[in-house]
Amino acid sequence: MVGGGAGEPLRRAWGYHPECPGCRVDRRKEEREGIPYTELSLIWLVTVSSTLPIQSLFPFLYFMIRDLHIAKQEEDIGFYAGFVGASYMFGRALSSVIWGIVADKYGRKPIIIITLISIIIFNTLFGLSSSYWMALTSRGLLGLMCGILGPIKAYATEVCRKEHGHLGLSLVSSSRGIGLIVGPAIGGYLAQPADKYPSIFSEKSIFGRFPYFLPCLCISLLAIVALLASFWLPETLHKHTQDMVLEDSISVEEGLSGPTAEENSAGCLNLFTNWPLMSAIIAYCIFSLQDVAYAEVFSLWAVSDRKYGGLSFSSQDVGSVLAFSGLFLLVFQILVYPSVAKSVEPITLVRIVAILTIPLLSSYPFMAGLSGSILQLIVNCASFLKNAFAVTTITVFNILMNDAVAQDVRASANGVAVTLMSIFKAIAPAIAGAIFAWAQRRQTASFLPGDHLVFFMLNVFTVIGLVSTFRPFYARRSTKHDPITT
């Protein structure tokens with residue numbers, strides 16, 4: 001290490017730039033050895049607010065497509081729903097690398113603010129959609145303007161001292177996981193309020209004329225709160241060029257990321273030659289595809305009629321299941337996951353989760369034969385386990401990806417990851433919707449009848465993801481200082 005004591009920030013090696021926001025954050029980290037609870041709380045709020053719109057539509061999407069009269073037959077609803085579900089991810093795939101590059105050049109905070117403003121505007125417009133094409137367009141624009149995922153992961157690492165960096169990443173992953181569960185719960189409870197709560201909402205009110213506006217409005221209001229709170233977040237990007245080569249060489253020595261000098265000088269393009277990073281991203285994308293396809297399939301399957309192998313749930317029933325999952329997922333992340341993560345090697349934990357997912361998904365089609373309280377118990381437990389497995393996988397891969405690069409390309413690296421992941425997630429709802437529609441037409445097939453086909457295909461992607469965690473597909477990191485070397 002060049003200069004400074006063992007516990008001092010690396011940037012102390014060449015001095016303090018009072019006009020640089022990154023230097024001010026580094027000085028604050030030097031003076032405060034504890035966990036930055038205020039910043040992490042704000043990160044949690046911002047991350048949850050930006051995550052809620054992603055899957056909040058799934059509990060009511062079936063009914064929304066039906067009410068927009070785009071599908072000529074009931075069996076075609078899943079097909080059109082898939083494109084609306086995919087439009088957000090398609091838009092995000094187009095812009096994520098650009099947002100990452102902008103965040104590395106101009107800062108993380110402006111991207112956070114832009115994302116929250118776009119949620120307020122386009123998520124509200126989606127709730128007011130009066131046609132299929134308006135719904136499709138507003139969701140696509142929402143994804144296009146959502147550049148927060150890559151920068152917020154970089155930000156969570158940089159706002160903490162080195163020893164707390166993994167806590168920041170874990171907080172982002174867990175808050176996103178909770179948002180991905182609570183979002184659909186909000187959609188399930190608050191969609192069609194004039195039908196569910198006629199004593200409160202009139203059929204002639206705006207919530208009666210636009211039955212899917214209320215959940216979108218509530219999420220947009222939370223985004224307004226997060227937008228106001230985000231102004232208290234400090235910028236972490238260093239905005240001076242002096243001694244940046246020294247910074248990168250010291251970062252390598254400390255084992256923060258292990259990049260080469262060539263990677264730092266070439267920037268974003270050389271991220272694609274960093275195989276520990278890219279192999280983690282590829283595996284992450286495969287599991288993300290399976291997870292989003294599951295989210296789409298679960299809601300469509302749960303609300304579809306029992307004659308098609310579904311559960312005949314209402315959107316409120318689906319919201320109840322997902323709310324239960326979100327509550328217990330929070331408990332799992334706080335009380336269970338930290339102990340498991342300390343005792344099990346990260347990539348091994350992903351493999352265990354993938355293996356357990358296979359029999360879990362295989363059991364779903366048989367739930368249609370249950371009813372009453374037994375059905376509620378089984379569906380709730382299965383939903384919680386599946387989402388706990390998904391959040392565990394996301395957390396592990398986020399840590400592995402952020403540890404593979406230095407600060408000056410970290411947002412770009414996360415932008416690459418988000419772009420590739422979004423492409424997979426954009427494909428997932430369209431594929432899942434098409435397979436679901438096809439499965440509903442083959443209820444009497446001799447091989448994988450009805451929804452057995454749907455959950456079998458989900459398991460195919462689970463197996464592919466599992467295989468991608470082994471050599472030669474997955475590259476183990478070798479930095480001896482890295483506490484999560486795999």
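Atoms considered below: every heavy atom in the structure, side chains included; atoms not considered: hydrogens, waters and symmetry mates.
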Donor-acceptor under 3.5 Å (Ser383 side chain, Asn380 main chain):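 The answer is no, because no donor-acceptor pair under 3.5 Å joins these two groups.
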Pairwise distance NZ(Lys196) to CZ(Phe201) - rounded to 0.5 angstrom: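 So the NZ of Lys196 and the CZ of Phe201 are separated by 11.0 Å.
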Reported CD1-to-CG distance for the pair Ile121 and Leu142, which is rounded to 0.5 angstrom: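 The CD1 atom of Ile121 sits 10.5 Å away from the CG atom of Leu142.
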Phe90 CZ: over 12 foreign heavy atoms closer than 6.0 Å: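 Open: at most 12 neighbouring heavy atoms sit under 6.0 Å from CZ of Phe90.
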Whether over 12 other heavy atoms sit under 6.0 Å from Tyr106 OH: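 Open: at most 12 neighbouring heavy atoms sit under 6.0 Å from OH of Tyr106.
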Modelled atom types, side-chain donor and acceptor of Asp317 and Ser320, under 3.5 Å: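 Side-chain D/A pair, Asp317 to Ser320: absent.
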Test item: side-chain donor near acceptor, Thr124 and Ser220, under 3.5 Å: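 A donor-acceptor contact under 3.5 Å links the two side chains.
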I want to check something: taking the side chain as every heavy atom from C-beta on, are [X] and [Y] in contact at a cut-off of under 4.5 Å?
X: Val353; Y: Phe287; answer: no
X: Phe298; Y: Val321; answer: yes
X: Leu61; Y: Phe58; answer: yes
X: Leu217; Y: Phe207; answer: yes
X: Met401; Y: Leu277; answer: yes
X: Ile54; Y: Arg92; answer: yes
X: Arg108; Y: Ile152; answer: no
X: Gln290; Y: Leu361; answer: yes

Step-by-step side chain to side chain contact (heavy atoms under 4.5 Å, CB included) determination, Leu466 to Thr462: CA-CA 6 Å; Leu466 176 62; Thr462 304; 5.7 Å; no
Closest approach of [X] to [Y] (non-hydrogen atoms, all atoms of both residues):
X: Ser468; Y: Tyr474; answer: O-CB, 3.4 Å
X: Thr419; Y: Ser96; answer: OG1-CB, 3.0 Å
X: Val396; Y: Ile347; answer: CG1-N, 4.5 Å
X: Cys218; Y: Leu190; answer: SG-CD1, 3.6 Å

Under the side-chain hydrogen bond (donor to acceptor under 3.5 Å, both in side chains) test, residues paired with Tyr62 that sit two or more places apart: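 Tyr62 satisfies side-chain hydrogen bond (donor to acceptor under 3.5 Å, both in side chains) with Glu74 only.
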Asn398 vs Thr395, side-chain hydrogen bond (donor to acceptor under 3.5 Å, both in side chains): CA-CA, chis, key distance, verdict: CA-CA 5 Å; Asn398 280 334; Thr395 302; 5.9 Å; no
Parallel, tilted or perpendicular, as decided by the 30° and 60° cut-offs, for the rings of Phe60 and Tyr212: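 Aromatic pair Tyr212/Phe60 classed parallel.
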Parallel, tilted or perpendicular: rings of Phe384 and Phe324 (30°, 60°):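 Aromatic pair Phe324/Phe384 classed perpendicular.
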Derivation of the side chain to side chain contact (heavy atoms under 4.5 Å, CB included) call for Leu144 and Ser118: CA-CA 9 Å; Leu144 190 71; Ser118 71; over 6 Å; no
